[in-house]
Amino acid sequence: KQESPRTARDDSKDLAMCRILLAELESHQDAGPFLTPVNPKSVPGYRKIIKKPMDFSTIRDKLTNSQYLNLETFIIDVNLVFDNCEKFNEDNSVIGRAGHTMRRFFQRRWTELLRQN
Ligand SMILES: CO[C@H](O)CCc1ccc(O)cc1
């Protein structure tokens, strides 16, 4: 059995990776519904159903203000955007499908970039 690696992975490129990943999410053609916070006044039920709202502009602000401890806490916030979308929208809806498409895109890109590192 392989010894479990005692060396930590090199995280020196993680901030650059988060910036690349967020720019790609923001410029994705299906990003529309996720770019800014959902306005609870214009979406009945949203505030009650979604306990932890998240969107790409909020993630951008947090990244700019060094509020992410590491790559993991960044990935958790991005996945929160897609988990909220799945909770609130039917899979068979324009926004529901956009959420699935964006989640698959993000999953592939961060694993690709991590492998490159
Ligand atoms: C990321 O978008 C949110 O899931 C809200 C989607 C939504 C907004 C207005 C509606 O009438 C229905 C769904």
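All figures in this text were calculated on a predicted structure; none of them were measured in a lab. Both ligands and their constituent atoms are indexed starting at 1 by order of listing.
Within a 4.0 Å radius of atom 4 (O) of ligand 1, the protein contributes one or more non-hydrogen atoms.
Nearest protein heavy-atom contact of atom 12 (C) of ligand 1 is F88 CE2, 4.5 Å. Scanning the protein heavy atoms around atom 1 (C) of ligand 1, the nearest turns out to be P33 O, 3.3 Å.
Selection from V43, N89, L35, V94 by nearest heavy atom to atom 13 (C) of ligand 1 gives N89.
Using a 4.5 Å cut-off between side-chain heavy atoms of Ile, Leu, Val, Met, Phe, Trp and Tyr, with links allowed through other members, F56 and F88 fall into different hydrophobic clusters.
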Between L63 and L15, is a side-chain contact (heavy atoms from CB on, under 4.5 Å) present by the stated rule, with each step listed?
CA-CA 8 Å; L63 195 59; L15 181 57; 3.8 Å; yes

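Side-chain contact check for Y68 and D14: no donor-acceptor pair (N or O, by modelled atom type) lies under 3.5 Å. At a cut-off of 3.5 Å, with distance as the only test, no side-chain donor of T58 or D61 sits close to an acceptor on the other residue.
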